[in-house]
Protein chains: 2
Amino acid sequence: MKPNSHIKIIIVDDHDLLREGISARLSDVGYIEIIAEGCNGQEAVTLCKQFKPDVLLMDISMPVMNGLEAAKQIMQLGINTRILFLSIYDDNEYIQEALRIGASGFVLKDVSKPEMLNAIKSVAEGATYLGPKVAASLQSSSGVHGETECTYGLTKREKQVLALIAEGHLNKEIAYRLNISIRTVESHRSAIRDKTGGGNAAALAKIARELRL
Amino acid sequence: MKPNSHIKIIIVDDHDLLREGISARLSDVGYIEIIAEGCNGQEAVTLCKQFKPDVLLMDISMPVMNGLEAAKQIMQLGINTRILFLSIYDDNEYIQEALRIGASGFVLKDVSKPEMLNAIKSVAEGATYLGPKVAASLQSSSGVHGETECTYGLTKREKQVLALIAEGHLNKEIAYRLNISIRTVESHRSAIRDKTGGGNAAALAKIARELRL
DNA sequence: ACAGAGTTCAGTAGTAATACGGATATACGC
DNA sequence: GCGTATATCCGTATTACTACTGAACTCTGT
(Lines give C-alpha, C1' and ligand atoms only; values in the text may rest on other atoms or scores of the structure.)
Protein backbone atom coordinates (compact mmCIF):
# COMPACT_ATOMS: atom_id res chain seq x y z
CA MET A 1 0.00 0.00 0.00
CA LYS A 2 1.70 3.18 -1.14
CA PRO A 3 1.11 6.29 0.95
CA ASN A 4 -1.37 8.82 -0.36
CA SER A 5 -2.60 6.43 -2.99
CA HIS A 6 -6.19 5.39 -3.34
CA ILE A 7 -7.72 3.05 -0.82
CA LYS A 8 -10.31 0.83 -2.43
CA ILE A 9 -13.04 -0.17 -0.05
CA ILE A 10 -15.95 -2.55 0.02
CA ILE A 11 -18.69 -1.99 2.56
CA VAL A 12 -20.77 -4.92 3.79
CA ASP A 13 -23.63 -4.46 6.23
CA ASP A 14 -27.16 -5.76 6.29
CA HIS A 15 -28.66 -2.41 7.28
CA ASP A 16 -29.20 -0.21 4.25
CA LEU A 17 -29.35 2.92 6.34
CA LEU A 18 -26.02 2.28 7.97
CA ARG A 19 -24.38 1.42 4.69
CA GLU A 20 -25.64 4.64 3.17
CA GLY A 21 -24.37 6.56 6.19
CA ILE A 22 -20.91 5.13 5.78
CA SER A 23 -20.94 5.79 2.06
CA ALA A 24 -21.91 9.40 2.66
CA ARG A 25 -19.21 9.80 5.23
CA LEU A 26 -16.47 8.35 3.04
CA SER A 27 -17.55 9.59 -0.38
CA ASP A 28 -16.09 13.06 0.10
CA VAL A 29 -12.72 11.75 1.25
CA GLY A 30 -10.29 12.09 -1.62
CA TYR A 31 -8.15 9.06 -1.09
CA ILE A 32 -10.98 6.64 -0.47
CA GLU A 33 -12.94 4.92 -3.20
CA ILE A 34 -15.94 2.76 -2.47
CA ILE A 35 -15.90 0.13 -5.16
CA ALA A 36 -18.75 -2.09 -4.02
CA GLU A 37 -21.32 -2.74 -1.33
CA GLY A 38 -22.93 -5.91 -0.01
CA CYS A 39 -25.42 -6.95 2.63
CA ASN A 40 -24.23 -10.31 3.96
CA GLY A 41 -21.14 -12.47 4.42
CA GLN A 42 -21.73 -14.52 1.30
CA GLU A 43 -21.70 -11.37 -0.79
CA ALA A 44 -18.60 -10.17 1.01
CA VAL A 45 -16.68 -13.25 -0.11
CA THR A 46 -17.89 -12.96 -3.71
CA LEU A 47 -17.21 -9.24 -3.93
CA CYS A 48 -13.72 -9.58 -2.44
CA LYS A 49 -12.86 -12.35 -4.88
CA GLN A 50 -14.02 -10.18 -7.74
CA PHE A 51 -12.76 -6.72 -6.78
CA LYS A 52 -9.82 -7.44 -4.44
CA PRO A 53 -10.30 -4.31 -2.34
CA ASP A 54 -7.65 -2.87 -0.03
CA VAL A 55 -10.06 -2.76 2.87
CA LEU A 56 -13.25 -4.62 3.62
CA LEU A 57 -15.42 -2.74 6.09
CA MET A 58 -17.83 -5.32 7.43
CA ASP A 59 -20.41 -5.90 10.11
CA ILE A 60 -20.29 -9.11 12.15
CA SER A 61 -23.90 -10.09 12.70
CA MET A 62 -25.52 -10.52 9.33
CA PRO A 63 -28.01 -12.92 7.75
CA VAL A 64 -27.04 -15.81 5.43
CA MET A 65 -23.40 -15.75 6.51
CA ASN A 66 -21.96 -13.77 9.40
CA GLY A 67 -18.89 -11.61 9.19
CA LEU A 68 -16.56 -13.92 11.05
CA GLU A 69 -17.25 -16.87 8.79
CA ALA A 70 -16.91 -14.63 5.75
CA ALA A 71 -13.60 -13.31 7.07
CA LYS A 72 -12.26 -16.86 7.42
CA GLN A 73 -13.03 -17.61 3.80
CA ILE A 74 -11.67 -14.28 2.60
CA MET A 75 -8.40 -14.83 4.44
CA GLN A 76 -8.00 -18.02 2.45
CA LEU A 77 -8.47 -16.34 -0.91
CA GLY A 78 -4.86 -15.25 -0.85
CA ILE A 79 -5.72 -11.67 -1.77
CA ASN A 80 -4.33 -8.63 -0.06
CA THR A 81 -7.52 -7.44 1.54
CA ARG A 82 -7.49 -6.13 5.11
CA ILE A 83 -10.62 -6.70 7.12
CA LEU A 84 -11.94 -3.99 9.39
CA PHE A 85 -14.88 -5.07 11.48
CA LEU A 86 -17.60 -2.65 12.40
CA SER A 87 -19.85 -3.88 15.15
CA ILE A 88 -22.34 -2.62 17.69
CA TYR A 89 -21.03 -5.10 20.22
CA ASP A 90 -17.77 -4.70 22.10
CA ASP A 91 -18.09 -8.35 23.03
CA ASN A 92 -14.76 -9.88 23.90
CA GLU A 93 -15.56 -13.18 22.25
CA TYR A 94 -16.18 -11.46 18.95
CA ILE A 95 -13.10 -9.28 19.13
CA GLN A 96 -10.74 -12.07 20.02
CA GLU A 97 -12.21 -14.39 17.44
CA ALA A 98 -11.94 -11.68 14.83
CA LEU A 99 -8.28 -11.07 15.59
CA ARG A 100 -7.58 -14.79 15.72
CA ILE A 101 -9.01 -15.19 12.25
CA GLY A 102 -6.69 -12.48 11.06
CA ALA A 103 -8.80 -9.33 10.97
CA SER A 104 -6.78 -6.13 10.93
CA GLY A 105 -9.11 -3.95 12.93
CA PHE A 106 -12.23 -3.61 14.98
CA VAL A 107 -14.26 -0.48 15.68
CA LEU A 108 -17.67 0.13 17.15
CA LYS A 109 -20.51 1.68 15.21
CA ASP A 110 -20.49 4.84 17.30
CA VAL A 111 -17.08 5.65 15.85
CA SER A 112 -16.39 9.27 14.92
CA LYS A 113 -15.46 10.21 11.37
CA PRO A 114 -11.81 11.07 12.07
CA GLU A 115 -11.39 7.88 14.01
CA MET A 116 -12.93 5.88 11.24
CA LEU A 117 -10.57 7.43 8.72
CA ASN A 118 -7.70 6.74 11.06
CA ALA A 119 -8.74 3.13 11.32
CA ILE A 120 -9.12 2.73 7.57
CA LYS A 121 -5.74 4.30 6.86
CA SER A 122 -4.11 2.16 9.52
CA VAL A 123 -5.41 -1.15 8.30
CA ALA A 124 -4.80 -0.18 4.67
CA GLU A 125 -1.14 0.19 5.60
CA GLY A 126 -1.20 -3.25 7.09
CA ALA A 127 -1.36 -2.13 10.70
CA THR A 128 -3.79 -3.40 13.28
CA TYR A 129 -6.26 -0.91 14.69
CA LEU A 130 -8.58 -1.45 17.64
CA GLY A 131 -10.91 1.37 18.57
CA PRO A 132 -10.75 2.91 22.06
CA LYS A 133 -13.73 1.08 23.49
CA VAL A 134 -12.68 -2.11 21.79
CA ALA A 135 -9.20 -1.94 23.26
CA ALA A 136 -10.65 -1.18 26.69
CA SER A 137 -13.02 -4.10 26.47
CA LEU A 138 -10.26 -6.42 25.40
CA GLN A 139 -8.01 -5.39 28.25
CA SER A 140 -10.61 -5.52 30.99
CA SER A 141 -11.11 -9.20 30.43
CA SER A 142 -7.66 -10.55 29.93
CA GLY A 143 -6.30 -9.37 33.24
CA VAL A 144 -4.14 -6.63 31.85
CA HIS A 145 -3.64 -4.10 34.61
CA GLY A 146 -0.87 -5.64 36.62
CA GLU A 147 -2.42 -8.65 38.24
CA THR A 148 -5.57 -10.57 37.61
CA GLU A 149 -6.27 -10.49 41.33
CA CYS A 150 -7.80 -13.92 41.00
CA THR A 151 -4.63 -15.47 42.24
CA TYR A 152 -6.40 -17.36 45.00
CA GLY A 153 -4.16 -15.57 47.48
CA LEU A 154 -1.07 -17.39 46.33
CA THR A 155 2.22 -16.04 47.63
CA LYS A 156 5.18 -15.20 45.39
CA ARG A 157 6.94 -18.42 46.13
CA GLU A 158 3.81 -20.45 45.52
CA LYS A 159 3.29 -18.80 42.15
CA GLN A 160 6.89 -19.55 41.33
CA VAL A 161 6.42 -23.20 42.21
CA LEU A 162 3.13 -23.37 40.36
CA ALA A 163 4.75 -22.00 37.24
CA LEU A 164 7.37 -24.73 37.37
CA ILE A 165 4.76 -27.40 37.97
CA ALA A 166 2.87 -26.15 34.93
CA GLU A 167 6.05 -26.49 32.92
CA GLY A 168 5.97 -30.17 33.73
CA HIS A 169 8.83 -30.28 36.21
CA LEU A 170 9.01 -32.89 38.93
CA ASN A 171 9.20 -31.86 42.57
CA LYS A 172 12.80 -33.01 42.51
CA GLU A 173 13.64 -30.65 39.66
CA ILE A 174 11.78 -27.77 41.21
CA ALA A 175 13.64 -28.30 44.46
CA TYR A 176 16.95 -28.25 42.62
CA ARG A 177 16.07 -25.13 40.66
CA LEU A 178 14.93 -23.15 43.67
CA ASN A 179 17.64 -24.53 45.90
CA ILE A 180 15.22 -25.86 48.46
CA SER A 181 14.29 -29.31 49.76
CA ILE A 182 11.74 -31.57 48.11
CA ARG A 183 9.72 -31.41 51.29
CA THR A 184 9.46 -27.66 50.93
CA VAL A 185 8.28 -28.02 47.37
CA GLU A 186 5.71 -30.49 48.61
CA SER A 187 4.61 -28.01 51.25
CA HIS A 188 4.16 -25.30 48.65
CA ARG A 189 2.39 -27.68 46.34
CA SER A 190 0.05 -28.65 49.12
CA ALA A 191 -0.65 -25.01 49.92
CA ILE A 192 -1.32 -24.33 46.27
CA ARG A 193 -3.80 -27.22 46.11
CA ASP A 194 -5.53 -25.98 49.25
CA LYS A 195 -5.87 -22.45 47.94
CA THR A 196 -6.85 -23.25 44.38
CA GLY A 197 -8.83 -26.39 44.93
CA GLY A 198 -6.73 -28.02 42.24
CA GLY A 199 -6.23 -31.75 42.16
CA ASN A 200 -3.35 -33.40 40.36
CA ALA A 201 -0.48 -31.87 38.44
CA ALA A 202 -2.46 -31.49 35.25
CA ALA A 203 -5.23 -29.66 37.08
CA LEU A 204 -2.66 -27.31 38.57
CA ALA A 205 -1.19 -26.78 35.12
CA LYS A 206 -4.62 -25.79 33.92
CA ILE A 207 -4.99 -23.28 36.73
CA ALA A 208 -1.53 -21.87 36.08
CA ARG A 209 -2.48 -21.37 32.46
CA GLU A 210 -5.59 -19.42 33.51
CA LEU A 211 -3.43 -17.31 35.79
CA ARG A 212 -0.90 -16.80 33.01
CA LEU A 213 2.14 -17.84 34.97
CA MET B 1 -8.58 13.06 24.39
CA LYS B 2 -10.50 15.68 22.45
CA PRO B 3 -10.06 15.66 18.69
CA ASN B 4 -7.69 18.21 17.21
CA SER B 5 -6.37 19.15 20.62
CA HIS B 6 -2.73 19.00 21.54
CA ILE B 7 -1.09 15.64 22.11
CA LYS B 8 1.54 15.87 24.81
CA ILE B 9 4.34 13.40 24.31
CA ILE B 10 7.32 12.14 26.23
CA ILE B 11 10.07 10.35 24.33
CA VAL B 12 12.25 7.80 26.08
CA ASP B 13 15.11 6.05 24.32
CA ASP B 14 18.70 5.40 25.30
CA HIS B 15 20.09 6.43 21.94
CA ASP B 16 20.53 10.18 21.72
CA LEU B 17 20.59 10.12 17.96
CA LEU B 18 17.31 8.31 17.67
CA ARG B 19 15.66 10.56 20.20
CA GLU B 20 16.80 13.60 18.29
CA GLY B 21 15.52 12.10 15.07
CA ILE B 22 12.10 11.56 16.54
CA SER B 23 12.06 15.04 18.01
CA ALA B 24 12.95 16.53 14.65
CA ARG B 25 10.27 14.50 12.97
CA LEU B 26 7.55 15.50 15.40
CA SER B 27 8.56 19.07 16.19
CA ASP B 28 6.99 20.52 13.05
CA VAL B 29 3.67 18.75 13.58
CA GLY B 30 1.23 21.27 14.90
CA TYR B 31 -0.85 19.14 17.20
CA ILE B 32 2.07 17.39 18.85
CA GLU B 33 4.02 18.80 21.74
CA ILE B 34 7.11 17.10 23.12
CA ILE B 35 7.13 17.94 26.80
CA ALA B 36 10.06 15.84 27.98
CA GLU B 37 12.67 13.28 27.01
CA GLY B 38 14.39 10.50 28.91
CA CYS B 39 16.95 7.80 28.32
CA ASN B 40 15.87 4.83 30.46
CA GLY B 41 12.85 3.20 32.04
CA GLN B 42 13.46 4.72 35.45
CA GLU B 43 13.30 8.19 33.95
CA ALA B 44 10.17 7.23 32.03
CA VAL B 45 8.35 6.46 35.25
CA THR B 46 9.52 9.66 36.93
CA LEU B 47 8.70 11.85 33.95
CA CYS B 48 5.25 10.33 33.50
CA LYS B 49 4.46 10.85 37.16
CA GLN B 50 5.52 14.46 36.86
CA PHE B 51 4.16 15.48 33.46
CA LYS B 52 1.27 13.08 32.86
CA PRO B 53 1.69 12.99 29.07
CA ASP B 54 -0.96 11.78 26.67
CA VAL B 55 1.47 9.46 24.96
CA LEU B 56 4.72 7.91 26.04
CA LEU B 57 6.86 6.89 23.09
CA MET B 58 9.37 4.45 24.49
CA ASP B 59 12.00 1.94 23.49
CA ILE B 60 12.01 -1.50 25.10
CA SER B 61 15.64 -2.41 25.55
CA MET B 62 17.23 0.24 27.69
CA PRO B 63 19.77 0.32 30.53
CA VAL B 64 18.86 0.70 34.21
CA MET B 65 15.23 -0.27 33.66
CA ASN B 66 13.78 -1.67 30.46
CA GLY B 67 10.64 -0.39 28.81
CA LEU B 68 8.39 -3.29 29.79
CA GLU B 69 9.15 -2.96 33.47
CA ALA B 70 8.71 0.80 33.24
CA ALA B 71 5.37 0.31 31.48
CA LYS B 72 4.14 -1.93 34.28
CA GLN B 73 4.89 0.72 36.85
CA ILE B 74 3.41 3.50 34.76
CA MET B 75 0.18 1.56 34.27
CA GLN B 76 -0.16 1.48 38.02
CA LEU B 77 0.23 5.24 38.44
CA GLY B 78 -3.39 5.69 37.56
CA ILE B 79 -2.66 8.43 35.05
CA ASN B 80 -4.14 8.59 31.57
CA THR B 81 -0.94 7.97 29.64
CA ARG B 82 -0.97 5.68 26.60
CA ILE B 83 2.19 3.77 25.95
CA LEU B 84 3.46 3.36 22.41
CA PHE B 85 6.46 1.09 22.14
CA LEU B 86 9.11 1.70 19.55
CA SER B 87 11.42 -1.23 19.06
CA ILE B 88 13.91 -2.61 16.57
CA TYR B 89 12.70 -6.12 17.30
CA ASP B 90 9.45 -7.57 16.03
CA ASP B 91 9.92 -10.31 18.60
CA ASN B 92 6.63 -11.96 19.50
CA GLU B 93 7.52 -12.32 23.13
CA TYR B 94 8.04 -8.60 23.43
CA ILE B 95 4.91 -7.66 21.57
CA GLN B 96 2.63 -9.98 23.48
CA GLU B 97 4.16 -9.02 26.79
CA ALA B 98 3.78 -5.35 25.92
CA LEU B 99 0.11 -5.76 25.07
CA ARG B 100 -0.48 -7.88 28.13
CA ILE B 101 0.92 -5.16 30.31
CA GLY B 102 -1.49 -2.75 28.73
CA ALA B 103 0.51 -0.92 26.09
CA SER B 104 -1.61 0.80 23.45
CA GLY B 105 0.67 0.32 20.52
CA PHE B 106 3.81 -1.12 19.07
CA VAL B 107 5.75 0.03 16.01
CA LEU B 108 9.17 -0.79 14.65
CA LYS B 109 11.93 1.73 14.34
CA ASP B 110 11.83 1.70 10.56
CA VAL B 111 8.39 3.29 10.72
CA SER B 112 7.60 6.01 8.20
CA LYS B 113 6.60 9.47 9.34
CA PRO B 114 2.93 9.27 8.31
CA GLU B 115 2.63 5.88 9.93
CA MET B 116 4.19 7.18 13.10
CA LEU B 117 1.75 10.07 13.20
CA ASN B 118 -1.06 7.66 12.54
CA ALA B 119 0.09 5.51 15.44
CA ILE B 120 0.42 8.46 17.79
CA LYS B 121 -3.00 9.81 16.92
CA SER B 122 -4.54 6.38 17.30
CA VAL B 123 -3.16 5.65 20.72
CA ALA B 124 -3.84 9.21 21.88
CA GLU B 125 -7.50 8.55 21.10
CA GLY B 126 -7.32 5.43 23.19
CA ALA B 127 -7.15 3.00 20.31
CA THR B 128 -4.64 0.20 19.93
CA TYR B 129 -2.23 0.43 17.05
CA LEU B 130 0.15 -2.28 15.87
CA GLY B 131 2.42 -1.49 12.95
CA PRO B 132 2.23 -3.61 9.78
CA LYS B 133 5.27 -5.74 10.50
CA VAL B 134 4.28 -6.06 14.13
CA ALA B 135 0.82 -7.29 13.25
CA ALA B 136 2.27 -9.73 10.73
CA SER B 137 4.72 -11.08 13.24
CA LEU B 138 2.01 -11.48 15.85
CA GLN B 139 -0.25 -13.43 13.53
CA SER B 140 2.40 -15.74 12.12
CA SER B 141 3.12 -17.19 15.52
CA SER B 142 -0.20 -17.63 17.19
CA GLY B 143 -1.38 -20.34 14.87
CA VAL B 144 -3.86 -18.19 13.03
CA HIS B 145 -4.41 -20.10 9.84
CA GLY B 146 -6.25 -23.27 10.67
CA GLU B 147 -4.57 -26.18 12.40
CA THR B 148 -1.15 -26.94 13.78
CA GLU B 149 -0.99 -30.53 12.50
CA CYS B 150 1.90 -31.42 14.81
CA THR B 151 0.00 -34.12 16.65
CA TYR B 152 2.99 -36.42 17.10
CA GLY B 153 1.05 -39.16 15.34
CA LEU B 154 -1.42 -39.54 18.17
CA THR B 155 -4.47 -41.66 17.44
CA LYS B 156 -8.01 -40.41 18.02
CA ARG B 157 -8.37 -42.29 21.25
CA GLU B 158 -5.05 -41.03 22.49
CA LYS B 159 -5.97 -37.45 21.75
CA GLN B 160 -9.21 -38.02 23.60
CA VAL B 161 -7.36 -39.34 26.61
CA LEU B 162 -4.79 -36.57 26.44
CA ALA B 163 -7.53 -33.95 26.44
CA LEU B 164 -8.98 -35.43 29.61
CA ILE B 165 -5.56 -35.61 31.24
CA ALA B 166 -5.05 -31.93 30.44
CA GLU B 167 -8.36 -31.17 32.12
CA GLY B 168 -6.87 -32.57 35.29
CA HIS B 169 -8.78 -35.84 35.44
CA LEU B 170 -7.36 -38.89 37.15
CA ASN B 171 -6.93 -42.14 35.24
CA LYS B 172 -9.83 -43.49 37.27
CA GLU B 173 -12.13 -40.71 36.08
CA ILE B 174 -10.98 -41.00 32.49
CA ALA B 175 -11.64 -44.73 32.58
CA TYR B 176 -15.15 -44.12 33.88
CA ARG B 177 -15.89 -41.44 31.29
CA LEU B 178 -14.70 -43.51 28.36
CA ASN B 179 -16.13 -46.72 29.73
CA ILE B 180 -12.83 -48.53 29.64
CA SER B 181 -10.54 -50.01 32.26
CA ILE B 182 -7.92 -48.06 34.15
CA ARG B 183 -5.31 -50.31 32.65
CA THR B 184 -6.36 -49.23 29.19
CA VAL B 185 -6.10 -45.59 30.15
CA GLU B 186 -2.65 -46.33 31.47
CA SER B 187 -1.74 -47.97 28.19
CA HIS B 188 -2.91 -44.95 26.22
CA ARG B 189 -1.16 -42.64 28.60
CA SER B 190 2.02 -44.61 28.17
CA ALA B 191 1.70 -44.45 24.39
CA ILE B 192 1.11 -40.72 24.56
CA ARG B 193 4.23 -40.26 26.65
CA ASP B 194 6.25 -42.34 24.19
CA LYS B 195 5.04 -40.37 21.20
CA THR B 196 5.24 -36.90 22.65
CA GLY B 197 8.24 -37.31 24.91
CA GLY B 198 6.16 -35.84 27.70
CA GLY B 199 6.92 -36.64 31.30
CA ASN B 200 4.39 -36.22 34.09
CA ALA B 201 0.78 -35.10 33.94
CA ALA B 202 1.62 -31.41 33.93
CA ALA B 203 4.00 -31.87 31.01
CA LEU B 204 1.28 -33.69 29.10
CA ALA B 205 -1.12 -30.87 29.95
CA LYS B 206 1.34 -28.43 28.47
CA ILE B 207 1.59 -30.46 25.28
CA ALA B 208 -2.19 -30.74 25.05
CA ARG B 209 -2.43 -27.00 25.34
CA GLU B 210 0.03 -26.55 22.46
CA LEU B 211 -2.05 -28.98 20.43
CA ARG B 212 -5.22 -27.11 21.37
CA LEU B 213 -7.15 -30.12 22.56
C1' DA C 1 8.56 -7.23 71.76
C1' DC C 2 5.02 -9.50 69.71
C1' DA C 3 1.59 -11.34 66.28
C1' DG C 4 1.11 -12.96 61.80
C1' DA C 5 2.37 -14.36 57.43
C1' DG C 6 5.68 -16.64 54.62
C1' DT C 7 9.28 -19.88 53.83
C1' DT C 8 11.65 -23.60 55.22
C1' DC C 9 12.06 -28.70 56.60
C1' DA C 10 10.59 -33.48 58.59
C1' DG C 11 7.78 -38.04 59.65
C1' DT C 12 4.39 -41.32 58.38
C1' DA C 13 0.96 -43.33 55.54
C1' DG C 14 -1.56 -43.95 51.69
C1' DT C 15 -2.81 -43.22 46.72
C1' DA C 16 -1.63 -42.28 41.83
C1' DA C 17 1.34 -42.67 38.21
C1' DT C 18 5.23 -44.79 35.65
C1' DA C 19 8.19 -48.60 33.70
C1' DC C 20 8.71 -52.85 32.56
C1' DG C 21 6.75 -57.03 30.81
C1' DG C 22 2.97 -59.43 28.25
C1' DA C 23 -1.98 -60.78 26.01
C1' DT C 24 -6.37 -60.70 23.05
C1' DA C 25 -9.69 -58.78 19.66
C1' DT C 26 -10.87 -56.03 15.73
C1' DA C 27 -10.53 -53.54 11.67
C1' DC C 28 -8.04 -52.09 7.47
C1' DG C 29 -5.23 -52.47 3.43
C1' DC C 30 -2.74 -55.39 0.17
C1' DG D 1 -5.18 -64.70 4.16
C1' DC D 2 -1.60 -61.96 6.39
C1' DG D 3 0.61 -58.15 8.46
C1' DT D 4 -0.06 -53.88 10.75
C1' DA D 5 -2.21 -50.59 13.56
C1' DT D 6 -5.49 -49.68 17.09
C1' DA D 7 -7.77 -50.60 21.16
C1' DT D 8 -8.53 -53.31 24.83
C1' DC D 9 -6.83 -55.59 29.21
C1' DC D 10 -3.53 -57.76 33.14
C1' DG D 11 0.81 -58.39 36.59
C1' DT D 12 4.64 -56.63 39.13
C1' DA D 13 7.72 -53.28 40.87
C1' DT D 14 9.24 -48.71 41.47
C1' DT D 15 8.75 -43.92 41.72
C1' DA D 16 6.07 -39.64 42.32
C1' DC D 17 2.64 -37.46 44.52
C1' DT D 18 -0.93 -36.57 48.34
C1' DA D 19 -2.71 -36.13 53.13
C1' DC D 20 -1.89 -35.18 57.59
C1' DT D 21 0.71 -33.24 61.52
C1' DG D 22 4.27 -30.56 63.56
C1' DA D 23 7.99 -27.18 63.91
C1' DA D 24 11.80 -23.65 63.23
C1' DC D 25 13.29 -19.39 61.11
C1' DT D 26 12.73 -14.75 58.82
C1' DC D 27 10.23 -10.68 57.98
C1' DT D 28 6.83 -7.03 58.49
C1' DG D 29 4.15 -4.08 60.87
C1' DT D 30 2.42 -2.29 65.43
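Letters A, B, ... are given to chains in the order of the sequence lines, protein chains preceding strands, and every chain is numbered from 1. Since the model is a prediction, treat every value here as computed from it, not as a measurement.
Among the protein residues, T184(A) comes within range of the nucleic acid bases, having at least one heavy atom under 4.0 Å from a base atom. Residue contacts for S187(A): at a heavy-atom cut-off of 4.0 Å it reaches a base atom on one of the strands shown. Within the 4.0 angstrom heavy-atom criterion, only backbone atoms of the sugar-phosphate kind lie near A201(B); the bases stay farther away. Across all strands shown, S181(A) has heavy atoms under 4.0 Å from sugar-phosphate atoms exclusively, and none from any base.
Remark: K113(B) NZ is packed, more than 12 non-hydrogen atoms of other residues, nucleotides or ligands lying under 6.0 Å away. More than 12 heavy atoms of other residues, nucleotides or ligands lie within 6.0 Å of NZ in K109(A), so this atom counts as buried by the packing criterion.
Of the side-chain N and O atoms in R183(A), none sit less than 4.0 angstrom from OP1 or OP2 of dT7(C). Note on T155(B): a side-chain N or O is less than 4.0 Å away from OP1 or OP2 of dA7(D). Between H188(B) and dT8(D) there is a side-chain polar atom (N or O) within less than 4.0 angstrom of OP1 or OP2. Distances shorter than 4.0 Å separate some side-chain N or O of N200(B) from OP1 or OP2 on dC17(D).
A salt bridge is defined here as a Lys NZ or Arg NE, NH1 or NH2 lying under 4.0 Å from an Asp or Glu carboxylate O, and E186(B) with R189(B) fails to meet this definition.
Where the helix from dA1(C)-dT30(D) to dC30(C)-dG1(D) starts and where it ends, the local axes point in directions that differ by 60°; five pairs per end, rounded to 10°.
Distance, R157(B) CZ to dA7(D) C1': 8 Å, rounded to whole Å. Straight-line distance from the CG atom of L178(A) to the P atom of dG6(C): 18 Å, rounded to whole Å. At whole-Å resolution of the value, NE2 in H169(A) and C1' in dC17(D) are 17 Å apart. Across the protein-nucleic acid pair, R189(B) atom CZ and dC17(D) atom P stand 12 Å apart, rounded to whole Å. At whole-Å resolution of the value, CD in E186(B) and P in dA16(D) are 17 Å apart. Separating the CZ atom of R193(B) from the C1' atom of dA17(C) is a distance of 7 Å, rounded to the nearest angstrom. With rounding to whole Å, L204(A) atom CG is found 11 Å from dC17(D) atom C1'. We find that NZ of K172(A) is positioned 8 Å from C1' of dT15(D), with the value rounded to whole Å.
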(message) If you apply the rule side chain to side chain contact (heavy atoms under 4.5 Å, CB included), what do you find for H6(B) with Y31(B), and how did you get there?
(response) CA-CA 5 Å; H6(B) 258 234; Y31(B) 54 86; 5.6 Å; no
(request) Before giving the answer on side chain to side chain contact (heavy atoms under 4.5 Å, CB included), spell out for R82(A) and D54(A) the whole-Å C-alpha distance, their side-chain angles and the decisive distance to 0.1 Å. (result) CA-CA 6 Å; R82(A) 313 287 178 174; D54(A) 298 309; over 6 Å; no
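Toward the 5' end of DNA chain D, the nearer of the two residues K156(B) and N171(A), judged by each one's closest nucleotide, is K156(B). Position along DNA chain C of the nearest nucleotide to K195(A) versus N179(A) favours K195(A) as the more 5'-ward residue.
Taking the side chain as every heavy atom from C-beta outward, R157(B) and T184(B) never approach each other to under 4.5 Å.
With rounding to the nearest 0.5 angstrom, the CZ atom of R193(B) is 10.5 Å from the CD1 atom of I207(B).
For T81(B) (side chain) and P53(B) (main-chain N/O), a donor-acceptor pair under 3.5 Å exists by modelled atom type.
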